[in-house]
There are 2 protein chains.
Amino acid sequence: MLIRYGVSTGFTSLGSVKNCMLASSAVFRRQQFLIRSLGGYSDHIDSRRMQDIRSMSGTTFEADAENVMREITSVLDPSKHKGQAGKIAVIGGCREYTGAPYFAAISALKIGADLSHVFCTKDAAPVIKSYSPELIVHPILEESYNISGLEDEERRCISSKILAEVDKWMERFDCLVVGPGLGRDPYLLECVSEIMKHARQSNVPIVIDGDGLFLVTNSIALVSGYPLAVLTPNVNEYKRLVQKVLNCEVNDRDAPELLQSLAKQIGGVTILQKGKSDLISDGEIAKSVSIYGSPRRCGGQGDILSGSVAVFLSWARAKGKATTSQMNPTVLGCIAGSALLRKAASLAFKDKKRSTLTTDIIECLGRSLEDICPAC
Amino acid sequence: MLIRYGVSTGFTSLGSVKNCMLASSAVFRRQQFLIRSLGGYSDHIDSRRMQDIRSMSGTTFEADAENVMREITSVLDPSKHKGQAGKIAVIGGCREYTGAPYFAAISALKIGADLSHVFCTKDAAPVIKSYSPELIVHPILEESYNISGLEDEERRCISSKILAEVDKWMERFDCLVVGPGLGRDPYLLECVSEIMKHARQSNVPIVIDGDGLFLVTNSIALVSGYPLAVLTPNVNEYKRLVQKVLNCEVNDRDAPELLQSLAKQIGGVTILQKGKSDLISDGEIAKSVSIYGSPRRCGGQGDILSGSVAVFLSWARAKGKATTSQMNPTVLGCIAGSALLRKAASLAFKDKKRSTLTTDIIECLGRSLEDICPAC
């Protein structure tokens with residue numbers, strides 16, 4: 001990771017995907033040598049490149065996450081009405097998994113979204129509803145076991161109905177989160193592919209995590225070239241994605257270059273690579289978030305992250321060009337989501353230590369955000 | 001039990017299971033008489049035997065539980081990723097019982113495991129899920145009432161599917177807990193027997209409690225000769241086990257010898273005999289844990305214990321030979337699990353007195369562990 005290996009990277013316009021990492025890394029080291037030799041900036045290095053180099057070095061590569069949060073967090077205003085602070089929908093929750101979509105959806109509310117929906121299977125819905133009366137849970141998805149024995153025509157008919165049901169709501173959502181607790185049932189994933197296509201047609205941003213990444217890794221066209229897609233892979237999901245898209249192995253030393261190549265190769269999607277430091281790139285720039293979080297690795301923290309990124313992304317998008325950083329709202333959303341989760345995890349860990357669970361972290365989201373940008 | 005009756009035992013290499021307890025006990029009493037008569041140690045008693053006697057007396061027979069916990073508890077390290085602090089699975093939960101598997105599974109998380117799964121019947125799943133979004137609950141087991149009227153072939157087909165479903169996960173688990181809220185349905189127990197066989201083939205440790213002990217007592221071959229099996233019987237379960245395996249009655253005076261014989265006879269499984277003091281043996285050594293717990297005997301504490309033992313056993317096994325005590329990781333897991341439950345029960349009782357429930361004790365697991373080995 002970046003912190004462990006120091007800053008050894010330079011970002012150039014990336015050409016050949018396979019070789020670029022080594023090349024750009026070598027160029028950057030050469031440039032660093034030149035700077036040191038000349039005791040300052042060399043005329044031989046053009047000023048734009050120098051800016052790139054400086055932005056890669058030391059603290060400037062690390063995102064100014066707190067400022068980003070302050071800049072994009074929705075202002076609370078009594079004249080606003082319900083929905084204006086964000087309407088999020090989580091697509092996930094099946095017979096096996098119910099906790100993950102709940103974590104993502106409730107996190108969105110705890111950060112400040114006004115409405116949080118979950119679209120899940122019929123089996124999962126009563127359970128998810130029972131976790132919290134705050135969520136709007138739609139029991140509409142189907143898994144293969146529930147429609148076995150049906151003719152193809154009937155199955156297609158059910159798919160269409162599911163899609164029509166989601167479509168009724170699509171335009172109202174500021175962001176979809178696809179994947180928490182989705183499972184890997186082929187019929188269900190086929191339906192979710194269609195939902196993603198419709199979201200894309202409606203220009204609704206999509207944050208993709210968990211089994212959503214399994215789906216996307218096998219059908220990269222679903223997100224390829226869609227600048228409002230955000231992928232949030234963990235170590236293993238990232239490895240699979242790199243193997244599939246770049247046909248190479250992950251190399252920690254050149255992590256930021258590889259990430260940037262990957263994001264570029266998928267046509268400018270934003271990727272938040274989770275790790276000791278989170279790395280974020282949209283193919284154009286790369287940022288890291290290294291605020292100390294917690295050493296607990298209990299399952300569910302990724303779900304908090306996906307819900308958080310969805311809210312911040314929606315807020316950043318609503319601000320449009322009003323942000324001074326001029327960064328892509330998807331990147332801003334990732335920076336803020338990553339930083340908030342880390343702060344909340346750190347607070348929860350202070351209190352609960354080894355017994356920290358995901359629900360404890362969720363309970364700290366509000367206070368963490370308040371510490372950085374007070375509501376009033 | 002040990003505290004009540006004082007130290008009246010000696011451990012020798014045990015030969016004939018039925019007669020050894022009486023024999024060794026008689027020898028030991030004779031030796032004690034000799035020591036008293038001579039006002040010290042007698043040259044007529046060989047030094048190895050004396051060492052045995054001394055190690056049985058006072059504090060050395062009592063496990064140094066806090067040190068064991070400190071030694072085996074997984075180190076929290078930000079560079080670790082999800083799953084590395086333990087992945088536990090509880091096999092249990094049926095139409096009748098849903099609390100027990102929840103207690104075992106949530107205790108594992110509260111102690112510091114990263115992921116906790118429950119494999120239960122379809123009826124039990126929504127309820128167990130609703131207790132906590134932190135658990136991953138698989139609704140896959142079947143009871144006879146649900147498959148009555150089916151042909152043998154169909155029943156076998158369902159069994160195979162259940163087994164295949166568990167097998168998909170088996171290699172990922174660091175430990176199984178079989179029994180909490182399992183019930184005694186014959187069809188279900190048949191499936192669970194198969195699951196245990198597969199776990200054994202994969203070298204996954206198995207902690208067996210509750211109705212899992214009913215199953216094992218009637219099919220001792222399931223665990224016989226498997227050094228990664230841990231049985232955690234209460235008074236009655238222990239009586240049945242002794243009757244079945246050693247064909248004799250339990251005798252409190254020679255409790256540790258009997259326990260050691262039993263563990264040896266079952267081929268070196270580890271047994272944690274629950275009581276006023278918990279006695280633990282793997283057939284080679286015996287240890288007691290007598291830290292004061294609580295006088296409350298509300299149901300569910302055994303489930304906390306089974307989940308705790310599973311986590312500590314996994315950690316001890318991961319440390320391998322790095323532990324200075326050189327004890328069997330199953331014994332270390334039992335010592336730590338027993339001590340932690342007792343400490344947590346004591347803390348909960350201080351606060352809640354007569355109204356102490358199992359959930360109150362679970363809430364004290366984190367603080368109890370933190371008191372002994374601080375997270376950082």
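Every chain is numbered from 1 and lettered A, B, ... according to where its sequence line falls, protein lines coming before strand lines. The figures here come from the full heavy-atom set of this structure, side chains too, leaving out hydrogens, waters and symmetry mates. All values derive from a computational prediction rather than experimental measurement.
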What heavy-atom pair brings [X] and [Y] nearest, and what distance separates the two atoms?
{"X": "B/Ser132", "Y": "A/Tyr131", "result": "O-OH, 3.7 Å"}
{"X": "A/Arg354", "Y": "B/Ile111", "result": "CB-O, 3.8 Å"}
{"X": "A/Thr359", "Y": "B/Pro133", "result": "CG2-CG, 4.1 Å"}
{"X": "A/Glu96", "Y": "B/Lys129", "result": "O-NZ, 2.8 Å"}
{"X": "A/Pro295", "Y": "B/Pro78", "result": "CB-N, 4.1 Å"}
{"X": "A/Gly299", "Y": "B/Lys82", "result": "CA-CD, 3.6 Å"}

Please determine whether the number of non-hydrogen atoms from other residues, nucleotides or ligands lying under 6.0 Å from atom [atom1] of [X] exceeds 12.
{"X": "B/Arg155", "atom1": "CZ", "answer": "yes"}
{"X": "B/Lys352", "atom1": "NZ", "answer": "no"}
{"X": "B/Arg172", "atom1": "CZ", "answer": "yes"}

*asked:* Under a 4.5 Å cutoff for heavy-atom pairs, which residue among B/Ala125, B/Ala85, B/Gly83, B/Pro139 has the most contacts with chain A?
replied: B/Pro139
*Look at B/Glu134, B/Glu370, B/Lys80, B/His81 and state which one has the largest set of heavy-atom pairs under 4.5 Å with chain A.*
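Of B/Glu134, B/Glu370, B/Lys80, B/His81, B/Glu134 has the most heavy-atom pairs under 4.5 Å with chain A.
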*Check whether A/Tyr97 gets within reach of chain B through its side chain, its backbone, both or neither, counting any heavy atom under 4.5 Å.*
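Both parts, backbone and side chain.
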Name the region of [X], side chain, backbone, both or neither, that has any atom closer than 4.5 Å to a heavy atom of chain A.
{"X": "B/Leu365", "value": "neither"}
{"X": "B/Ala113", "value": "backbone"}
{"X": "B/Ser74", "value": "backbone"}
{"X": "B/Ile128", "value": "neither"}

With rounding to the nearest 0.5 angstrom, report the [atom1] to [atom2] distance, [X] to [Y].
{"X": "B/Leu109", "Y": "A/Cys298", "atom1": "CG", "atom2": "SG", "answer": "7.5 Å"}
{"X": "B/Arg367", "Y": "A/Ser355", "atom1": "CZ", "atom2": "OG", "answer": "10.0 Å"}
{"X": "B/Leu369", "Y": "A/Lys353", "atom1": "CG", "atom2": "NZ", "answer": "11.5 Å"}

_Main-chain N/O of B/Gln84 paired with A/Arg297 side-chain donor or acceptor, under 3.5 Å_ =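 Looks like no, no N/O pair under 3.5 Å.
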*Does some side-chain heavy atom of B/Lys110 sit less than 4.5 Å from a side-chain heavy atom of A/Leu357?*
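A/Leu357 vs B/Lys110: side chains touch.
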